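Predicted model, so just to flag it, every value in this text is computed and none were measured.
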Amino acid sequence: ISEKSKATFLRAYMNWRCMSAGSSRVCVRMVGHKMEESYSETLKEQMSIVEMPLSDPPLCISCCPVNGDLLVGCKNKLVMFCLKYLVINQNLTVLDFERSLILHIDNLIPAEVAFCARHIAVTTELEVLILKLELVQQSADRTEQCAHRDEGPSMPTLQLELDEFIVCQKPVELLGEESKLCEIPITLESTELPTEDTKCFQVRYLRFTPDQSPFGFCEETKLHSVQLLPVYQTGSSVTDHEEIENKRELLSLFCFFSLPHVGYLYSVGKLVELISTYQYSEKSEQAVLTPQFLHVITSENLQCFTVRCSAAAARDEDPYIDTTVKACPPVALDVCTLRMQLFIGPRAICHFKNHIILLTKADTEDITERRKPTRRMLSRKADSIKSRTNSESEPGWNLYIINTVSTIQLYREMVDYSRIYENVKTESCIHLLSEAHLLVRAAVMDPHFLKSDEKEELLKAFRESCAFLGDCYSRYDYHLALPYYRMSGLSVTEVLKRLISEGDEIQTYERGFIFYLTHSLNEDLNEELSKESANKVLQIFCLADPVQLPHILCSPCMRNVCPLTAVKYLQKVEKIMPSVVVTLTKAFMALKMGDLTMCEHEMGSYKETALASGFTGQPKLLRQRKEGIVVPTEFAVHLKEMQPGLLVAATVALHENSKIELEEADTFFKMLCGNSENTIPQLLVDFWEALLVVCSQEEILQELLLRVTSQYVWRISKRQLPDSKPLKTTEDLINSCNHFGLIFPWVTSIMSMASPSDEDYHEDISKLQSLLCSQSINIAPALPVLEPLTEAGNVGLTIHVLCSTRLGRYEEALDQLLRRCPDAAVLYAQHELKGDNRAVWWNKLLPELCKRTRLTGNDCPVLISSLKETLSVAAMELELRDFLSLLPEDGTAAFFLPHLLHCSQRRLLT
């Protein structure tokens, strides 16, 4: 802020680096001044000052750290200047400002303002107002828009005793509808020139009135040091080693303000939430907030507190925080003081990168006299204000630039100090290591992290801090050891070495460690423990949680375990808590030992249905995953040879209990039978057929029906026999599964005249016909699958006619039968042409039979007998006149007369 010629200006200094580099060239220009290209070229090499005139005396100023906009606080108004980039040519872009918005706020005298990402924090002597500018659709009248209050959560309300007074029983936060009680009218006035990029805003606001009841209303309760701190989305994860372009995308926003004896830190981004409260040991003068620390100056000290910004921002950045996958110390973790340094008379403080800039003023009076206790008065007294001379002539002013300790060094110190509590079961160690972890996490979330020289060292420190926290939580009854060890990148073997020393005979293991070990071993890890480590794990679970032993033994990590030792431990578990899973695991271990007799004995302990159900309790007995692919176990290979029916039943049970997907089962059986990707083993077809019996989901059901249909068609058309004997015959499937129907008599009649070569594929043919005789399969999607069989002799004829019938094409089906197998035409009609379709007898079948008989004469007795049967049906159903009209004019009277008499007699009887 500068004054000249009785006018007040806001000055912005551009290219400051030119001045610091020793260049003395300075250009002063008015805001919005149009620069010619020849003139602007010199701006590259000199510092320039942009002057912005102010109509009102300024009281405070703030610059947005996100986009560089400026905000000036005046009485009853806030003036915003937007930073603009003027492109002079392709080689030169010049910065300029434009006064874009004025917020008129009645009865407001701002003491301090903070401006960041369209959020404005304003303090008066007794309260803080936070405004959020929101973009809205442009309207016809853009010049003024009323304030729009935030609809947020409900908080304690003000108690209005009198119009002049507000009585606060405790800290008050007005959010949502209660912000209407503020009675602070806000009017927006847009002052920028209208363009296509012109933005319209509305205001949401929150109001905070901190607790001042212990002090009353006086100088001792003035608010100070309001600050908005942005935390950016860096575009990289703390566990990701890939180079990702650094993007300064705003992630979280925090607001800090302070009373002389207490400070408040709020999150004001997605949610408004009080994060931390800071209690000072003595009256504070000023404070500055950073992503890692809060620095506070008092009359004699520079104090440093920890902050929770990184903990809150981590939860905004990663939805998997606070799960078994990832963890972060809680936002509610108590803050602590890190350092306290003595200074004489601190007056002002600011922060830049890893520097604290401190301005102090040493008073002339004796320091010891100032330290004598004096009674603080709650009211302001005139004699307490001492006149001071011009500061330029006063001695004792000092400027300190303090280099803060590097993150890595401070982290090491905190870790070293935590070792005091290493062997003590106390929360202090966890608290200290949590502080160290958050310190490193804040450094990793810094936008400049990816370009930092300490990047690898910080990542290493982050993983190390996760490992230390995992160690601590493993000694407690907490689940947090699991996510911290996961983030540390340590293998199970490495964790075991950290927690269990050689020759350790400890008989107790805490639940935190057991929780980690259980979940880690139950996952499909690619790690294999050594024989010694695997046996140690057996010993641990035998003591701590013997019920988990069967499940642990099935882990891929335990592949090298001694099976004899495992059986001994399982026998102990079986005495305490016998189960099918324990028996199956014993059989698995016996198989590993090569003891087939013991394996058969264990498998004979339960019925097959119980065994199949038992596999759902531990699917890894049959299948494991390697790099995301389902792989059969040695046990599954054994069952394939010895008890394939049990293997299929167990896999069906796994599918029905959501332990294996349909595609995974396909891969499982193909790998088990050693088939290529495109070849379907019979065991997989057996699985599909068994699954049809129990499947209740229509989508999966239709998929299965298409799969088995496709396989039957492929084998019949390619003359391929199954690679093993099917577990179920057509009769078994008809009796056990609703989706396989009884084969129709007319189909059986056609097949009785089939080629002898079809006998080899009788099972596949009959299963396919049985499927089509049921009403389950959707015929339309199945037609392309059935296409290869349409011309395959009598088999193709039955398939074609069955499909035509399911689609309601009865006349087309009759044409096919009359052309290729007239013997079955009447049988077909008797079975299919019923109810509404009965008219097809005389409208289609009778004329066709007459026409074909006329052509063949007496040479085809099948047609004549079929015609007689058709006439009998028509005579029973039709009126005499209708029946007579159907008879051919050139027919032999002796042939048709009996049917005509029958129809006439039926009419007389009725």
Step through it carefully: locate the ring centre of Tyr411, locate the ring centre of His437, and say whether they are under 6.0 Å apart. no
Side chain to side chain contact (heavy atoms under 4.5 Å, CB included), that's the test. Do Arg441 and Phe462 meet it? Break it down for me. CA-CA 7 Å; Arg441 186 183 280 272; Phe462 179 86; 3.8 Å; yes
For Glu285 and Arg347, run side chain to side chain contact (heavy atoms under 4.5 Å, CB included): C-alpha distance rounded to whole Å, both residues' side-chain angles, the deciding distance at 0.1 Å, then the answer. CA-CA 7 Å; Glu285 301 290 340; Arg347 296 298 174 85; over 6 Å; no
When you compare the side chain of Leu358 with that of Leu399, does any pair of heavy atoms fall below 4.5 Å? no
CE-CZ distance between Met52 and Phe9, expressed to the nearest 0.5 angstrom: 11.0 Å
Would you name the heavy atoms of Val335 and Arg308 that are closest together and state the gap between them? CA-NH2, 3.5 Å
NE2-CD distance between His224 and Glu112, expressed to the nearest 0.5 angstrom: 8.0 Å
Flag the pair Pro291 / Leu229 as yes when at least one side-chain heavy-atom distance between them is below 4.5 Å, and no otherwise. yes
Test side chain to side chain contact (heavy atoms under 4.5 Å, CB included) on Asn301 and Leu342 and set out the steps. CA-CA 5 Å; Asn301 290 314; Leu342 291 174; 2.8 Å; yes
Are any side-chain N or O atoms of Ser62 and backbone N or O atoms of Phe115, one a donor and one an acceptor, separated by less than 3.5 Å? yes
Who pairs with Gln286 by side-chain contact (heavy atoms from CB on, under 4.5 Å), at least two apart in sequence or on another chain? Ser225, Ile297, Ala348, Ile349
Heavy atoms only: give me the nearest Phe254-Ala313 pair and the separation to one decimal. CZ-N, 4.1 Å
Minimum-distance pair of heavy atoms, taken over all atoms of Cys60 and Ala111: CB-O, 3.8 Å
Shortest non-hydrogen contact between Cys328 and Ala311, atoms and distance: SG-CA, 3.9 Å
Which distance, rounded to the nearest 0.5 Å, do you find between the CZ of Arg463 and the CZ of Phe468? 13.5 Å
Go through the side-chain N and O atoms of Tyr278 and Ser284 and say whether any donor and acceptor fall under 3.5 Å apart. no
Are His119 and Cys255 side-chain neighbours, meaning at least one heavy-atom pair lies under 4.5 Å? no
Go through the steps for Leu469 and Met487 under the test side chain to side chain contact (heavy atoms under 4.5 Å, CB included), then give the verdict. CA-CA 10 Å; Leu469 282 169; Met487 292 193 297; over 6 Å; no
Below 4.5 Å, heavy atoms only, C-beta onward: do Ser258 and Tyr280 meet side chain to side chain? yes
Within-4.5 Å side-chain heavy-atom neighbours: Ser276 and Phe256: no
Using the ring of each side chain (for Trp, its six-membered ring), is His295 parallel, tilted or perpendicular to His351, with breaks at 30° and 60°? parallel
Would one find more than 12 heavy atoms of other residues, nucleotides or ligands at under 6.0 Å from atom CD1 of Ile357? yes
Roughly how far, to the nearest 0.5 Å, is CG of Leu228 from CZ of Arg118? 14.5 Å
For residues Leu103 and Ile120, determine if any side-chain heavy atom of one lies less than 4.5 Å from a side-chain heavy atom of the other. yes
Mind checking the CG-CD spacing from Leu265 to Glu273? Nearest 0.5 Å is all I need. 10.0 Å
Tell me whether Glu464 is salt-bridged to Arg412, with the criterion being a basic N under 4.0 Å from an acidic carboxylate O. yes
Looking just at side-chain N and O atoms, do Gln292 and Thr407 make a donor-acceptor pair shorter than 3.5 Å? yes
Please tabulate, one pair per line, all N/O donor-acceptor pairs under 3.5 Å involving side-chain atoms of residues 70-79, not counting sequence neighbours.
from	atom 1	to	atom 2	distance (Å)
Asn76	OD1	Asn107	N	3.1
Asn76	OD1	Leu108	N	2.9
Lys77	NZ	Asp56	OD2	2.8

Close side-chain approach of Met445 and Leu251, heavy atoms under 4.5 Å: yes
Test applied, side chain to side chain contact (heavy atoms under 4.5 Å, CB included); reference residue, Leu410; option that passes from Val415, Thr404, Leu439: Leu439
Look at the side chain of Asn398 and the backbone N and O of Gly396, then say whether any donor-acceptor pair between them is shorter than 3.5 Å. yes
Relative to the ring of Tyr266, is the ring of Tyr264 parallel (under 30°), tilted (30 to 60°) or perpendicular (over 60°)? tilted
Work out which heavy atom in Gly470 is nearest to a heavy atom in Ala481; give both atom names and the distance. O-CB, 3.7 Å
For residues Phe97 and Leu83, determine if any side-chain heavy atom of one lies less than 4.5 Å from a side-chain heavy atom of the other. yes
Once rounded to the nearest 0.5 Å, what's the spacing between atom OG1 of Thr306 and atom NE2 of His431? 6.0 Å
Heavy-atom closest pair (Leu250 atom, Ala117 atom, distance to 0.1 Å) is CD2-CB, 3.4 Å
